[in-house]
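So the structure is just underneath, and the comments pick up after that.
Order of the sequence lines sets the chain letters (A, B, ...), proteins ahead of strands, with each chain counted from 1.
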Amino acid sequence: MRSPLRLERRLEQPKWLNWAIPLFSLVAALILGAIVLRLTGKNPVDVYQRIFERGFAGKRVFSDSLVSATPLAFTGLCAAVAFRMGLINVGGEGQLYMGSLGATWVGITFDDVPTGLMIVLMAAAGMLCGGLYAGIVGLLRARFGTNEIITSLMMNYLAGILLTYLVYNSFSYWRDPVSGNFPSPRAITQRAEWNTYTVFGVDLPIAFVMAIAMGFAVWFLYKRTRFGFEVGVIADSPKAARYAGIRTSSTIILVMGLSGAMAGLGGAADVGNFRRYMDPKGLELSGYGYTGIVVAALARLNPVAAVFVALLMGGLNNAGYSLRGPDFPSGLVGTLQGLILFTAVAGEILIKYRIRSNSRRSEVVTA
Amino acid sequence: MNSNIFIIIISSAIFYGTPLFFAALGGIFTERSGVLNLGVEGTMLIGAVAGAWGSQHVGGSSWMTITMAIVIGMAAGGLLSTLLAFLCITLKVNQTVAGLAVTIFAGAVGLSSYFAKIWGVSESPVTRQIRKFDVLGLADTPIVGPILFNQNILTYLSWVLCVTSSIYLFRSRFGLHLRAVGESPATADAMGINVARYRYLHTIFGGALAGVGGVFYSLAIVPNWVDGMTAGAGWIAIALVIFGFWRPSLTLLGAYLFGALQSLGSTLKARNVSVNGDLLNALPFFMTIVVLVLVSSRFAHRRLGAPAALGIPYEREER
């Protein structure tokens, strides 16, 4: 049996595919989602319309979506930074938790520092904690060749357990001392709250501006520096990189650390701009780290694009929260995001191959 | 004597290890064919929710209901893996990302949770459970009784599967072909083996086994539906495949080791031994990392059984 279609390798890759394919993937995911909704007895048009209204339409709604989008921009960068070198860091979730832990510590401890400096300190603490936590994974990979996918994932669970322990099952620094038998997390000082600006009636958190800056910084690092070039060589061929004298091991650790630092900064942003405390349950429900993978894949690992794709996913998440109820089950948003990842990864093949019909070819041959 | 703490630990290690073994055995079949399935966690959850639904909706005798629930769980796992197989084998996409997509799509906040809500699985308790039963009346035998003769049907089935799949993999023509496909698909293709067919069948069967692992959670361990109830078991199963050097027998031992770690908390708590619960919860995840580091050291590398073509799509050279 021959399949009616076959894949033929492209000799060159047209530039317009770079934006056409993600767009195509998104549309395809919406169509597949509509099929799932239809099969489960829902009206897809109605569902999509409500997602649009609650996720994207209007200044108020868009401000809320920015809140959901900001950590996703950072976890998207986290995934993009590592995936570009072929390092599958799926530990963005745990690295974000650790960033939240570090930033909260700073936010509670320093109470006589001006807000501007405070933001820098919290961001630095978040990046450091996330980066070091991911660095462990990088070290194990570089030193022993341990599969980074599983270790980074296991460390998500470990970070989650650590945060739960600190807030709910111990009398740690992160637990509110006045919350007696009903443990709750301890809030950062008022001075440690990050700024939010109002631009055209939309609340723009400073962390989102940081995310855009980081997106460009990563783009510059990967496209315009020697380090970025070396990362590219390792991604294409680790063997060639070693022959060329590139220090593969230390690059792996550095890239992992940078990737984790992005997620850690997301954790700091989550505390500073929005939550104001380290919230194990809230973070776990949000699943920023996993959605970050979807963001990076749809952005085709382009760091600048990732920040803007995060807006899309953030809107979807936000709509999911505000619509959650008996006729909008919470699993729906995750399902849609999974479908987007499916179509994004399937779309990648259109960059490398073109689809040709088998029958037409045989006709030509016989003619 | 029969309530000796060590006997309880061993017998619950087998109980908790069984779903890990089912999922890991599925992983062995899938990976031996050269396909990497990182969607095990999501596949287990889909199996779990489908099995729970089946136990609530299929009537008849208890045995009938349980059998049908397991079959439905298998079918759901197999169906989800068909999607993965299509992406990885026919479309030749990046297998790592495709697997992650399966887990995000079907995972704790994805399709499994959605199905649970719209089918009302989480609203009513699971009434028909997979219960332990006394085989040949030997459960009261000292020491071996509670360990070997007081388990549930899926545990017995897993022992049968462990033996038959070892024979299949290493003593049968199909197993030989399968390993050839995983090691060197081009050679297998030249031998006239249909690479795509082998990969499809084993990926789907692997997913079906992961589905059984999920059913074990929703009908035996918990037993009920809770969003994200497998809590990382799928990922531990993927690590177990590596830990067991892609061999069913070693993987069975590994699964029981991790089963022991998972069950330690509840066993000790029942015995009023006070231990830090968070520390116990962290233990399986921490040990997974330790074990992975150990098997990836150079010493172990020599005897690793990793299929050479694992994760690489097969493309027949044209002309």
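- Contact annotation for Ile236(B): both backbone and side-chain heavy atoms come within less than 4.5 Å of a heavy atom of chain A.
- Remark: Lys117(B) NZ to Phe328(A) CZ distance equals 12.0 Å, nearest 0.5 Å.
- To the nearest 0.5 Å, atoms CD1 (Ile150(A)) and CG (Leu38(B)) are separated by 7.5 Å.
- A side-chain donor from one of Tyr114(B) and Thr40(A) sits under 3.5 Å from a side-chain acceptor of the other.
- Neither the backbone nor the side chain of Ala106(B) comes within less than 4.5 Å of any heavy atom in chain A.
- With a 4.5 Å cut-off on non-hydrogen atoms, Leu87(B) touches chain A through its side chain but not through its backbone.
- Between Phe144(A) and Val293(B), the closest heavy-atom pair is CD1-CG1, 3.7 Å.
- With a 4.5 angstrom heavy-atom cutoff, Leu83(B) touches chain A only via side-chain atoms.
- Few gaps surround CZ on Arg324(A); more than 12 heavy atoms of other groups in view lie less than 6.0 Å from it.
- Neither the backbone nor the side chain of Leu336(A) comes within contact range of chain B; no heavy atom of the residue lies under 4.5 Å from a heavy atom of that chain.
- Counting non-hydrogen atoms of neighbouring residues, nucleotides and ligands closer than 6.0 angstrom, the CZ atom of Phe286(B) reaches no more than 12 such neighbours.
- The aromatic rings of Phe105(B) and Phe342(A) sit perpendicular, their planes meeting at an angle over 60°, well past the 30° parallel limit.
- Interface residue Leu339(A): backbone and side-chain heavy atoms are both found under 4.5 Å from chain B.
- With rounding to the nearest 0.5 Å, the separation of CG in Asn169(A) from CG in Asn281(B) is 9.0 Å.
- Residues Leu162(A) and Asp278(B) have side chains not in contact (no heavy-atom distance under 4.5 Å, counting atoms from C-beta outward).
- The candidate with the highest count of non-hydrogen atom pairs below 4.5 Å against chain B, out of Thr164(A), Val333(A), Thr151(A), is Thr151(A).
- Only the side chain of Val90(A) comes within contact range of chain B, with heavy atoms under 4.5 Å apart.
- No part of Gln95(B) comes within reach of chain A, as not one of its non-hydrogen atoms sits under 4.5 angstrom from that chain.
- Of the inter-residue distances, the one linking Leu100(B) atom CG with Ile293(A) atom CD1 reads 5.0 Å to the nearest 0.5 angstrom.
- Counted within 6.0 Å of OH on Tyr165(A), heavy atoms from surrounding residues, nucleotides or ligands total 12 or fewer; the atom is thus considered open.
- The greatest number of non-hydrogen atom pairs below 4.5 Å with chain B, out of Gly287(A), Gly334(A), Ala344(A), is found for Gly334(A).
- Heavy atoms closer than 4.5 Å to chain B are found in the side chain of Leu153(A), but not in its backbone.
- With a threshold of 4.5 angstrom between heavy atoms, Ser112(B) does not approach chain A through any atom at all.
- Contact of the Ser113(B) side chain with the Pro329(A) side chain is not registered, since no non-hydrogen atoms from C-beta on lie closer than 4.5 Å.
- The OG1 atom of Thr146(A) sits 7.0 Å away from atom CG of Leu292(B), with the distance rounded to the nearest 0.5 Å.
- Interface check for chain B: of the options Thr335(A), Ile349(A), Ile161(A), Ile88(A), the most heavy-atom pairs under 4.5 Å are formed by Thr335(A).
- Rounded to the nearest 0.5 angstrom, Ser296(B) OG and Leu140(A) CG are separated by 8.0 Å.
- With a 4.5 Å cut-off on side-chain heavy atoms, Lys42(A) and Ile118(B) count as touching.
- Heavy atoms of other residues, nucleotides or ligands lying less than 6.0 angstrom from CZ of Phe24(A) number 12 at most.
- Listed options Val97(B), Leu84(B), Thr90(B), Leu91(B) were ranked by heavy-atom pairs under 4.5 angstrom with chain A; first place goes to Leu91(B).
- At least one side-chain heavy atom of Ile289(B) sits under 4.5 Å from a side-chain heavy atom of Met155(A).
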